[in-house]
Amino acid sequence: MNIIPGRGVALVEVGDARARVEARIGEPVHGPGRSRAVYRTDPTLVICYLPDDTVELVELGHGAGTRAEVHFDGVQLTWRFLDEVVAELTALGHTGTETDIGYAFRAGFAIWSMGSRQATDLDPEADEDDERAVVEGVSVAPYSYFTED
């Protein structure tokens, strides 16, 4: 699935009404009516809603190399090493800032790792002590959502 920086994905964009989102993709499998809802898509969509039931944030998880992954500007974002993804995006001219769990790009998205995956998940020859982070998800919203800028 391709992201639309600062906006979301083709299925759902920041500012969309919950009713419109659910008419397109169905009811959430977790969190119906709550501010955070999980939808059965591939990759999995997690949508954060504002109190007025409009989309504030669109998140996508990884497919663990067995399902769909998240892409932008020809770069696979999820299920890769964080440093490699940042290097490729930077080479394409995308800039941003490091965060405590990943990297936020000025275009309007963030890639992140919660540390639940290890380097050995991607590289069977990696040492067990290899600390390279694996991109586990992508969040899409205006850049200001992720930083104070």
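In what follows, every heavy atom counts, from backbone to side chain, and hydrogens, waters and symmetry copies are set aside.
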Quiz prompt | Stepwise side-chain contact (heavy atoms from CB on, under 4.5 Å) check, Ile3 with Val138 | solution = CA-CA 9 Å; Ile3 64 165; Val138 177; 4.2 Å; yes

Practice problem: Decide, yes or no, whether a salt bridge links Arg36 with Glu59 under the criterion of side-chain N to carboxylate O below 4.0 Å. | Solution: yes

Do [X] and [Y] come close enough that some side-chain heavy atom pair is under 4.5 Å?
X	Y	result
Val86	Phe105	yes
Ser139	Leu57	yes
Arg106	Thr97	yes
Val134	Trp79	yes
Val55	Arg18	no

Quiz item: Going by the side chain to side chain donor-acceptor pair (under 3.5 Å) test, which pairs reach into residues 22-33, not counting sequence neighbours?
Solution: Asp16-Arg24, Glu22-Tyr39

Under the rule for side chain to side chain donor-acceptor pair (under 3.5 Å), what residues qualify as partners of [X], not counting sequence neighbours?
X	value
Asp83	none
Thr54	Asp52
Glu13	Arg7

Practice problem: Please answer whether the main-chain N or O of Gly137 pairs with a side-chain N or O of Thr78 as donor and acceptor at a distance below 3.5 Å. | Solution: no

Quiz item: Does Asp129 offer a backbone N or O that forms a donor-acceptor pair with the side chain of Asp127 under 3.5 Å?
Solution: yes

Quiz prompt | Identified salt bridge (charged side-chain N to carboxylate O under 4.0 Å, His left out) partner of Arg80 from the options Glu69, Glu136, Glu88 | solution = Glu88

Practice problem: Would you give the length of the straight line joining atom OG1 of Thr95 to atom CG of Leu89, rounded to the nearest 0.5 angstrom? | Solution: 10.5 Å

Let me check something: do [X] and [Y] share a hydrophobic cluster, defined by ILVMFWY side-chain heavy atoms less than 4.5 Å apart, either directly or through other members?
X	Y	result
Val75	Val9	yes
Val70	Leu82	yes
Val46	Val135	no

Quiz item: Which other residues end up in the same hydrophobic cluster as Met114, if Ile, Leu, Val, Met, Phe, Trp and Tyr are linked when side-chain heavy atoms come under 4.5 Å apart?
Solution: Ile101, Trp112

Quiz item: Which ILVMFWY residues can you reach from Val14 by hopping between side chains whose heavy atoms are under 4.5 Å apart?
Solution: none

Self-check item: Worked check of side-chain contact (heavy atoms from CB on, under 4.5 Å) between Leu11 and Thr41
Solution: CA-CA 10 Å; Leu11 290 173; Thr41 57; 4.2 Å; yes

Quiz item: Of Thr44, Leu77, Leu45, which meets side chain to side chain contact (heavy atoms under 4.5 Å, CB included) against Leu60?
Solution: Leu45

Self-check item: Pro5 versus Ala107, closest heavy-atom pair with distance
Solution: CB-O, 3.3 Å

Quiz prompt | Heavy-atom pair of closest approach, residues Gly31 and Ala37 | solution = O-CB, 3.8 Å

Quiz prompt | Qualifying residue, where the test is ring pair (Phe, Tyr, Trp, His ring centres under 6.0 Å) with Phe109 and the options are Tyr143, Phe146, Tyr145, Phe72 | solution = Phe72

